[in-house]
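None of the values given here were measured: they were computed from a predicted structure. Every chain is numbered from 1 and lettered A, B, ... according to where its sequence line falls, protein lines coming before strand lines.
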Amino acid sequence: MAKNIIVPSVKGTREFYPEEMARRNFIYEKAREASQSFGYQEWDAPFIETLELYAAKSGEELVKEQAFTFTDRGGSFVTLRPELTPSLARMIAKKQRQLVYPVRWWSFGPFWRYERPQKGRSREFFQWNIDMLGPVSPEADAELIAIAVKFMQLVGLDPKLARVYVNNRQLMDSEFDKLDIPTESRLMVSNLVDRRSKMKADAWAKYALEAGLSQNQLDGLIALLENKELWKEWDDLVRLFAALDALGVSEYVEFDPNIMRGLLYYTGTVFEAFDLTGGVRRAILGGGRYDNLLADVGGDPLSGVGFAMGDVVAGIVLEENGLLPEFDPSPAPVLVTVFAEEFMAESLLLSAELRESGIKVMSYPKADKIGKQFKFSNKMGMKIALVLGADEVENAQVAVKNLVSGEQVKVARADIPEKIKKMLAGE
RNA sequence: GUGGCUGUAGCUCAGCUGGCAGAGCACCUGUCUGUGGAACAGGAUGUCGCGGGUUCAAGCCCCGUCAGCCACCCCA
């Protein structure tokens, strides 16, 4: 065996062997189907942006700690995009007067964050982003949630396996007002809420008191977070749930006052989808409503609603639930074998004819022992192998072997394309 | 960025208180000079992650480093 030392890949990057590529494409296809079924247009932005673009927008941590930044050969600070929203804001701003509203855009592409890699989190990942820009209405928010649900349905995640949890930041702010929690403490309280599910109740309570809450405020906060009926007191959420009901997705969606979301720019509805079956409750996707999207990139005020889904967690969830389609190694179901060197041209000619008639065909590239060629076709999961040996060539025939049933018949050379098509059609 | 666990054949892993580097699967060859999936027989395979140290002797002990995993942090 080779003793070569293989140059390692960059830490946290992903290598997509055909099987992993099939998984990524599966997620992409389902995201596209969900997006397009609601009329969204596909778009994309640069993978490299200036550091400046992110400095004003995204959460502090995201830029300072997690951005993949470097200096280019010209001395400019550039960043591998850690998220899409700032690029979206700029691109919208540049054509703000020309676009047709509501803008409905979706995208699927690579992102980079300089984090410590572990399961479900790498430094390089693919993300589905989808946004509606323009209208401010609970019904628009509901549409995005319905798209998330559509994706879940398309991949086979039913309400027993995964669910979308919804909250509203304005509602929470008004509740925090009632508890006399000052504005400057809101971020702290948000983090506190995010952390609650990960800590034991008494440890969390202690932590909250140390963070500056009074016992009264803590009691109020707990009561608030336990109140699953709170949405009924907030008009936007009442309308949101009515819309979700009309869209037929309400069994997938629940109100949950514990959903806060770290990103600063969310201003209204926020939501996250979780896998209910896994040991770790990790968010599959998350999003919400944001206002003043364009404020920092020089556009006029415009609000929107959207969400993002990473391929890493989504892939794990699908795998753990047995929802990934079986990997089919060969895109071509037919193999043309090469019986001997002297029949190579015959075999190539046959494979070319079959492709001409629209059939996906692989040619075996050399005259290996026929058994080896069959073994190859078997490992590649192919359906049909064709053999052109001395007997067949002499009689203008081709031996056609059904690799699934094991049956083999000889067919007149001229009838081969039709015969293969019928076999592949299941006849 | 902080703390912990792990790293041995292509893969999954065993390897005792330091004493000749192992198994299963996969692979190759043959049984089978016109046929895959099965069976049987045989065969090849290692910088024991990397670098240093201790020792007569290190896969095993010590230090460092890299990578993966887990928990924080954050989030997709």
Worksheet entry | Atom C1', compared across B/rG59 and B/rG34: separation rounded to whole Å | 50 Å
Fill in: Span that lies between the C1' atom of B/rG15 and that of B/rA58, in whole angstrom
14 Å
Worksheet item: Does A/Lys11 make a side-chain N or O approach to OP1 or OP2 of B/rC69 shorter than 4.0 Å?
Response: no
Discussion item. Which residue in the set A/Arg14, A/Arg23, A/Gln127 passes side chain to side chain donor-acceptor pair (under 3.5 Å) when paired with A/Asp311?
Written reply: A/Arg14
Worksheet item: So, A/Ser107 versus A/Glu42: side-chain donor-acceptor pair below 3.5 Å or not?
Response: no
Worksheet item: How is A/Val317 classified with respect to the nucleic acid when contacts are heavy atoms under 4.0 Å: base, sugar-phosphate, or nothing?
Response: nothing
Fill in: Check: A/Glu272 side chain, B/rA76 base, donor-acceptor under 3.5 Å
no
Worksheet, complete the sentence: Of the listed B/rG36, B/rG30, B/rC74, the closest approach to the A/Arg121 side chain comes from B/rC74
Discussion item. Between the base of B/rA76 and the side chain of A/Arg113, is there a donor and acceptor pair under 3.5 angstrom?
Written reply: yes
Practice prompt. Please check the phosphate of B/rA38 (OP1 and OP2 only) for any side-chain N or O of A/Lys375 closer than 4.0 Å.
Written response: no
Discussion item. Looking only at the side chain of A/Gln408 (C-beta and beyond, no hydrogens), which of the listed nucleotides B/rU35, B/rA76, B/rC27 gets closest?
Written reply: B/rU35
Fill in: Candidate nucleotides B/rA76, B/rG3, B/rG36, ranked by approach to the side chain of A/Asn378 - the nearest
B/rG36
Item to complete: For nucleotides B/rA23 and B/rC5, find the distance between their C1' atoms and express it as a whole number of Å.
Response: 25 Å
Response to the item:
Against the side chain of A/Pro117, the closest entry in B/rC69, B/rG34, B/rA76 is B/rC69
Worksheet item: From the list B/rA76, B/rG34, B/rU2, which nucleotide is the closest neighbour of the side chain of A/Arg116?
Response: B/rU2
